[in-house]
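Naming convention: chains lettered A, B, ... in sequence-line order (proteins, then strands); numbering from 1 in each chain. It should be emphasised that the depicted structure is a prediction, and the values quoted were computed from it without experimental measurement.
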Number of protein chains: 2
Amino acid sequence: MEKYLNILRTCPLFAQIREDHLLRMLGCLGAKVVQFDKKYTILAEGKPAKYIGIVLSGSAQIMQMDYYGNRSLLAVSGPGEMFGEAFACAETKALPVSVIAEEPSDIMLIDCSHILHTCSNNCGFHQQLIYNLMKSLAVKNILFHQKIEITAKRSTREKLMAYLLLQAKKAGSDRFDIPFDRQELADYLEVDRSGLSAEISKLRREGILRSRKKHFELL
Amino acid sequence: MEKYLNILRTCPLFAQIREDHLLRMLGCLGAKVVQFDKKYTILAEGKPAKYIGIVLSGSAQIMQMDYYGNRSLLAVSGPGEMFGEAFACAETKALPVSVIAEEPSDIMLIDCSHILHTCSNNCGFHQQLIYNLMKSLAVKNILFHQKIEITAKRSTREKLMAYLLLQAKKAGSDRFDIPFDRQELADYLEVDRSGLSAEISKLRREGILRSRKKHFELL
DNA sequence: CTCTTTTTGTTGAAATTTCAACAGAATTTA
DNA sequence: TAAATTCTGTTGAAATTTCAACAAAAAGAG
């Protein structure tokens with residue numbers, strides 16, 4: 001567990017928690033670490049939503065599929081980031097999403113009820129954890145909000161530009177890499193992949209951007 | 001303030017708070033009540049996001065507009081429900097949405113920093129409020145999630161049916177009323193109003209539903 | 001009750017998206 | 001390195017959505 005301390009320190013769930021307390025706390029919470037190979041399912045749709053996941057290495061895609069295979073990519077969590085906490089905190093019966101390892105990943109799983117329902121030795125840590133969860137959930141809300149703002153646009157071009165402008169702003173530069181390949185970007189924007197490729201080419205021809213695979217430059 | 005107690009009791013922010021403590025707490029939090037006429041702006045896009053709003057009577061629409069007037073309706077809060085808490089809790093600089101009174105409404109506004117940063121007399125209430133906020137944010141996350149699940153569908157018909165099926169499930173009956181008029185439903189589903197009307201007519205002709213204004217019956 | 005305003009439904013044309021199929025590039029595997 | 005697989009860009013046809021304009025219905029105002 002010690003080898004993960006550096007990454008756990010960056011996890012917002014453990015903000016303001018002293019490092020020497022962290023290890024003991026993990027024991028108290030029953031945290032366990034599981035390794036997943038590329039494309040393996042970390043949490044499966046329909047299963048009880050009891051776990052909070054923390055990416056220790058690799059990355060996790062939160063996705064949803066409808067009855068006829070239309071994939072919707074909701075978010076991607078990288079090292080130090082959490083997933084599943086909204087469903088766990090709301091004590092949802094069945095998970096409406098699947099979480100997939102994008103690459104070989106180490107994932108920490110914590111049974112959320114251990115955080116929500118304070119243990120017998122009413123340690124002050126619980127209060128901090130709940131505060132941290134509240135903060136994280138607020139931020140997640142805002143991320144969802146941004147996704148809605150982007151996908152609410154009516155055309156592929158508008159969605160794409162809204163997304164790229166946001167990425168540029170986040171990167172603080174007109175040159176940046178996105179974390180998606182074409183299919184994933186299409187799934188995130190909720191559009192057709194081939195139409196997305198066509199639109200990117202069009203923007204390139206119009207001199208609005210330059211791009212090569214995951215790298216983009218806005219001109 | 002007393003006359004609002006009945007509705008405040010139903011607000012998830014005050015879950016598990018004893019009624020006799022509630023009034024004092026509201027004073028401590030600097031809660032104020034403001035009345036808004038129909039279509040008036042309760043919170044304006046771009047302003048600092050410091051307030052949590054609670055609908056005491058009437059209802060509030062959370063909406064967003066892009067540069068060319070495409071409206072997107074994110075959510076509607078009715079009596080006892082909160083709005084703006086995600087932005088306030090995340091301490092967002094500028095509000096990315098506007099909140100509009102759908103009808104004449106009484107709204108309670110609470111400066112969120114009074115909840116987040118515990119006051120000198122470190123009352124146990126703060127802990128409960130933060131726990132309640134955490135729970136509410138988790139639920140809001142799930143609501144956003146449902147909206148994404150609906151609007152991720154590719155056609156007007158699929159979006160509409162996904163929405164109606166969810167409403168039917170929520171109502172526990174195939175006959176139910178929706179809280180939107182046609183334009184609002186179109187704004188929520190992120191589709192064109194006239195196309196939505198046409199689709200509803202088509203579903204009616206196909207014998208899949210019956211509807212009159214805001215009332216729907218799935219057959 | 002009448003007049004005005006708002007809401008809803010219809011329509012056809014224009015624009016866009018989706019779909020399916022394929023070819024070339026890039027990457028991975030053996 | 002060669003072969004196999006995955007990813008990306010292209011294309012044209014079919015399906016859908018948006019847009020604009022209008023008429024009918026319903027709701028609100030005086």
Practice task
Please figure out whether R212(A) or F180(B) has its closest DNA chain C nucleotide nearer the 5' end.
Solution key: F180(B)

Practice task
Compute the angle between the rotation axes at the two ends of the helix from dC1(C)-dG30(D) to dA30(C)-dT1(D), each taken over five pairs, rounded to 10 degrees.
Solution key: 60°

Handout entry: Nearest-0.5 Å distance, NZ of residue K3(B) to CG of residue L56(B)
Key = 9.5 Å

Exercise for the section: Scan side-chain atoms only and decide if E149(A) and Q64(B) contain a donor-acceptor pair under the 3.5 Å cut-off. Expected result: yes

Taking N or O atoms only and anything under 3.5 Å, show me the protein contacts with nucleotides 10-18 of chain D, one pair per line.
unit_1, atom_1, unit_2, atom_2, d
dT10(D), OP2, S201(A), OG, 2.4
dT17(D), OP1, T156(B), N, 2.5
dT17(D), OP1, T156(B), OG1, 3.2
dT18(D), OP1, R154(A), NE, 3.2
dT18(D), OP2, D192(B), N, 2.9

Fill in the blank from the handout: note: D181(B), atom CG; dA27(D), atom C1'; distance rounded to Å ~ 12 Å

Completion exercise
In whole angstroms, the gap separating C1' of dT8(C) from CG of L160(B) amounts to 15 Å

Problem - Integer-rounded Å distance: dT8(C) C1' and I178(B) CD1 - result: 13 Å

Practice task
Grab the CD-P distance between E102(B) and dT7(C) for me, whole Å please.
Solution key: 11 Å

Handout entry: Residues E199(A), R157(A): salt bridge by 4.0 Å N-O rule
Key = yes

Exercise for the section: Mark yes when over 12 heavy atoms from residues, nucleotides or ligands other than R204(A) sit less than 6.0 Å from its CZ; otherwise mark no. Expected result: yes

Fill in the blank from the handout: From CD1 of I200(A) across to C1' of dT8(D) the rounded distance in Å is 9 Å

Exercise for the section: Identify which one of K213(A), H215(A), K214(A) satisfies the side-chain hydrogen bond (donor to acceptor under 3.5 Å, both in side chains) criterion when paired with D177(A). Expected result: H215(A)

Problem - Whole-Å distance separating the CG atom of L203(B) from the C1' atom of dG9(C) - result: 14 Å

Exercise for the section: List in chain and number order the residues that pass side-chain hydrogen bond (donor to acceptor under 3.5 Å, both in side chains) with K147(B), two or more places apart in sequence or in another chain; answer none if no residue qualifies. Expected result: E190(B)

Handout entry: Member of K135(B), K140(B), K50(B) meeting the salt bridge (Lys or Arg N to Asp or Glu O under 4.0 Å) criterion with E85(B)
Key = K140(B)

Practice task
Indicate yes or no: does R71(B) engage E184(B) in a salt bridge with an N to O separation below 4.0 Å.
Solution key: no

Practice task
Nearest whole angstrom, please: distance from the P of dA24(D) to the NZ of K213(B).
Solution key: 19 Å

Exercise for the section: Return the value, rounded to whole Å, for the distance between atom CZ of R182(B) and atom C1' of dA27(D). Expected result: 15 Å

Handout entry: SB check E19(A) R9(A) (cutoff 4.0 Å)
Key = yes

